[in-house]
Asker: 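After the C-alpha cells below, expect a handful of questions from me.
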Amino acid sequence: MGLRVGIDLGTTYSAVARIDADGVARVIKNTNGETTTPSVLCFLPEGRIAFGIEAKEYQEEGDPNVAAFFKRSMGEGSCLIEHGGREYTATDLSGIFLQKIIKDAEESAGETIDAAVITVPAYFGARERQATIEAGERAGVKVLGLLSEPSAAAFAYGLTGDDESKTVLIYDLGGGTFDVTLARIERDEVRVLGCDGNHKLGGKDWDDALARLLVDLLADELDVDPYDLSLTPSEMNTLLVKAEQAKRQLSSRESVRLQVTAGGETGAVSISRDEFAQATESLLRMTTTLIEKLLDECNVNWNEIDGTILVGGSTRMPAVASFLRDATGKEPLRGINPDEAVALGAAIKANMEDKPMYSLGGAKGQFELKGAKTLVDSTAHAMGMVAESSDRKRYINSTIVPKNAAIPAHETKSYSLRVPAKGGMLEVYVLQGDADRVLDNVLYAKYVVNGIEREDGRESVVEVSYGYTENATIEVSAKQPATGKTLAVEQCEPEDDLSRFDGSPLAYEEELKASAPQVAQRILLALDVSGSMSGDPLEQAKSAVRGFVDELEDTEAIVGCMVFADKNRMEAKLAPLAKRGNAGRVRFAINQIKISGDVGYGNAAEPIGYWLDEIRRAEPVFSTSEEYHDCLVILTDGVWSTQEQAIRNSQKAAEVGHDIIAIGFGGADRRFLEQIATCSDYAALVDASKLVETFSTIGRAMASGSGLSLA
Ligand code: AMP
C-alpha cells in the first residue's frame with residue numbers, strides 16, 4: 001500500500017508531509033532537498049514544464065509563460081494562461097503542480113503515494129474547495145479530504161497531551177493570503193470556534209510595499225522625483241524578487257543594503273527593519289481589524305486567549321510576533337516550523353484512521369499524542385438561500401447553516417407548492433454569506449428539483465436537505481415525503497443577470513405572467529347518450545354542461561361538445577366562446593342532444609381516442625393564444641365495453657400533457673373513472689342532483705386557472 005500524505009498547497013509555497021516509520025510526522029523533501037517548493041510553474045518552449053525554484057528563475061526574467069499565484073483564482077473557471085493552443089484554469093495548473101510535487105515526494109521517499117489530505121484556506125468557499133478536490137484527483141491521488149490550513153496547524157499544536165483546555169488564535173499569514181482562526185484545544189478534540197480572512201492579503205503585499213519603498217529610497221539617493229523612475233516590466237520583476245529577499249533578511253537582521261535598478265538608474269540603498277515595519281503598518285492593521293471582528297463574533301476577549309500559533313512564512317516578520325505579544329501579553333507558541341505546521345497537521349489527519357499514535361518530529365515529549373484526537377471544523381461562510389420576505393416585496397437571504405457552525409452540518413427545509421397534474425419542479429438558489437441583500441452574497445449555485453408529483457387534494461410538499469460536508473463543499477438533495485421518493489436534483493448555471501433579486505417578487509411574478517405565452521383552454525365536453533341516460537338523467541346532464549358553458553363564456557376558452565354511445569359524434573365544433581355567437585351555438589347544440597339511433601343505444605364507443613384524433617385534426621381555431629391546453633370533460637352514467645382501450649388512450653393523453661376530467665353518476669364505475677382521469681382529483685362519482693353544482697365548480701376552476709379538486 002502506498003503512502004498517505006498531507007499536502008499544504010500554498011499560494012506561494014507548497015509542502016508534502018508523511019508519517020515516518022517511527023510514527024513521527026515529517027515533511028518530505030523535494031528532489032532539491034528542500035522542505036517547501038515554490039508554487040510556480042513555467043511552460044518551456046521545448047514542451048517541458050519547469051517547477052518550483054527553476055520556474056521562479058523564469059519568473060524573475062519576466063517570462064510570460066510563468067504561472068504563479070494560481071491558488072488565488074481557484075474555482076473561478078477562467079483561463080489564467082494560454083500555452084500551445086490550450087487554456088489553463090487555476091484547477092488545471094494546480095493539478096499539474098500537485099502531480100509534480102507528489103512525484104518528487106515519491107522519488108525522495110522511495111515509496112508511492114496514493115492518497116492525500118489537501119489543505120485549503122479556511123475561508124475557501126464550496127466552489128474553491130470543489131476545485132481543489134478536482135485538482136487533487138487530476139494529479140492522480142485519492143483525495144481523502146480537505147482540511148482548513150489553520151485547523152491543520154491547530155491540530156498539529158493540539159498534540160500537547162495537556163489536560164487543560166486552551167483557547168488559541170491561529171494567525172496564518174502566507175504569501176498571498178491571511179487567515180485567522182479561533183480554536184479550542186481540548187484533550188480529545190480540536191474545535192474550531194470561527195475563522196475569518198482576506199485572500200488578497202499576504203507576504204506579496206509586503207513585497208510590493210517594500211519595492212515601492214526601495215524606489216523611493218533610490219530616488220532620494222539619486223535626488224530625483226520617484227515618478228521619473230518608471231520601471232520596465234523586467235526591472236519590476238527583478239525588483240520584486242530583490243524586495244522579497246530583503247524582506248526575509250530583515251526578519252533576522254536590523255538592516256540590509258542592496259542594489260536597486262529603476263528607470264535605467266542603479267544605486268545602492270539601505271533599509272532598516274523599523275523603516276520597513278513603518279511602511280507596512282497599514283497592512284498589519286488590516287489583519288488586526290479582522291481578528292477583532294472574529295473575537296467579537298465569538299465573544300472572546302484578547303485576554304482570554306491562552307496562546308497564539310503562527311503559521312505561514314510571513315509570520316517570520318518580527319512585527320507580527322511583536323504585535324501579538326502586545327495584544328495578548330503572551331509569547332506566541334513556538335516549536336513547529338511555521339512553513340511546515342500545515343502540511344504536518346494534514347499528514348497526521350491523513351493517517352488518523354490507521355494509527356492512533358503520532359508525534360511531531362523534533363519535539364518529542366512535548367508533542368506526543370495520547371490518543372486519536374478528533375477535529376471539529378467549522379463553516380467559514382453562512383449558507384443561505386434566496387427567499388421572499390413575508391410581504392413578498394423583497395428577496396432576502398434566508399440562512400440555512402450559519403457561519404462558524406460545526407461541520408458536517410445539515411439542514412432540511414420544507415416547501416409547499418402547487419403542482420400541475422403532469423408533475424412539477426422547484427428552483428433554489430444557494431447563497432454563500434450572511435448579508436441580508438441577496439446580491440451582497442456569493443451565489444454558489446442554482447439547483448432544480450425535478451419530478452415532483454402532484455399530491456391529491458393539496459399542495460405537494462418537498463423536503464430539501466442542504467449539507468456542508470466535512471470538506472465544506474455543499475450538497476443538496478430532495479425528497480417528497482408523501483411518495484417517499486428521492487427527487488432528482490440538478491445543479492444548473494444561474495442566469496447571468498440576477499438584478500431581479502434587488503426587485504420585488506410580486507413584480508417579477510407579474511412580469512413573468514405578462515411575458516409567458518398565452519395558453520388557451522381547449523375543452524371538449526363528452527356526453528354519454530347511451531339508452532340508460534334517457535329521461536331525467538339526460539336533462540340534468542344537459543343543464544349541467546350548459547351551466548359549464550355559462551361559466552366560461554367571457555374567457556379565452558375554446559369549447560366544443562360531442563356525444564358517445566355505440567359511436568362518437570361531434571355536436572358542436574371546438575370554437576372560442578368569446579367570439580360572437582359561439583357560446584350560443586354550443587348551447588344550442590347541447591339543447592338539441594337526444595337519445596337516438598344515430599349513435600346507437602349501447603356503450604361500444606371509445607370517446608378518448610376520438611377526442612385525441614379530433615384535436616390532432618382541429619383547424620387552427622382563431623384566437624389570440626399561441627398555445628392550447630387540451631382537456632376532455634367526460635360525463636357518463638355507465639360502464640364502457642371499451643374500457644381497456646380507453647385507459648390506454650388516457651395514458652397517451654397524459655404523456656403529452658392533455659387532461660381528462662371524468663364525472664360519473666348512476667351506475668358508473670368509480671375505479672374506472674379514476675383510471676381514465678389525469679389524477680384522482682379529476683374524477684368524481686356524484687349524485688345526479690349534484691351534477692349542475694359539480695360542473696360549475698369545474699367551469700369556475702377552469703375560468704380562474706386555479707387548481708381543481710373533486711376528490
Ligand atoms: P507561505 O505561503 O506560507 O509559504 O508563505 C510564503 C511567504 O512567506 C512569502 O511571501 C515569503 O516571502 C514569506 N517569508 C518566508 N520566509 C520569510 C522570512 N524569513 N521573513 C519574512 N517573510 C518570509
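Indexing begins at 1, ligand by ligand and atom by atom, following the structure's order. All heavy atoms count here, side chains included; hydrogens, waters and symmetry mates do not.
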Asker: I'd like to know if the side chain of Ser108 and the backbone of Lys29 have a donor-acceptor N/O pair within less than 3.5 Å.
Answerer: yes
Asker: In terms of relative ring orientation, are Phe323 and Trp302 parallel, tilted or perpendicular, with 30° and 60° separating the classes?
Answerer: perpendicular
Asker: Show me which atoms of ligand 1 lie under 4.0 Å from any heavy atom of Arg316.
Answerer: 16 (N), 18 (C), 19 (N), 20 (N)
Asker: Taking only heavy atoms of Gly174, which atoms of ligand 1 are found under 4.0 Å from at least one of them?
Answerer: 1 (P), 2 (O), 3 (O), 5 (O), 7 (C)
Asker: Using a 4.0 Å heavy-atom cut-off, which part of Ser251 comes near ligand 1: side chain, backbone, both, or neither?
Answerer: side chain
Asker: Using a 3.5 Å distance criterion without hydrogens, assess whether the side chain of Tyr468 forms a donor-acceptor pair with backbone atoms of His381.
Answerer: yes
Asker: Could you check whether any side-chain N or O of Ser73 sits under 3.5 Å from a backbone N or O of Glu76, counting only pairs where one atom can act as donor and the other as acceptor?
Answerer: no
Asker: Taking only heavy atoms of Met317, which atoms of ligand 1 are found under 4.0 Å from at least one of them?
Answerer: 21 (C)
Asker: By number and element, which atoms of ligand 1 are closer than 4.0 Å to a non-hydrogen atom of Gly313?
Answerer: 1 (P), 3 (O), 5 (O), 8 (O), 13 (C), 14 (N), 15 (C), 16 (N), 17 (C), 22 (N), 23 (C)
Asker: Please check if the side chain of Asn32 supplies one atom and the backbone of Glu34 the other of a donor-acceptor pair under 3.5 Å.
Answerer: no
Asker: Atoms of ligand 1 less than 4.0 Å from Gly312 heavy atoms?
Answerer: 3 (O)
Asker: Where's the contact between Glu244 and ligand 1, heavy-atom distance under 4.0 Å: side chain, backbone, both or neither?
Answerer: side chain
Asker: Could you establish whether Thr12 and ligand 1 come within less than 4.0 Å of each other, counting only heavy atoms on the residue side?
Answerer: yes
Asker: Run the numbers for me: atoms of ligand 1, each under 4.0 Å from some heavy atom of Gly203, listed by number.
Answerer: 10 (O)
Asker: Donor-acceptor pair, Thr328 side chain versus Asp306 backbone, under 3.5 Å?
Answerer: no
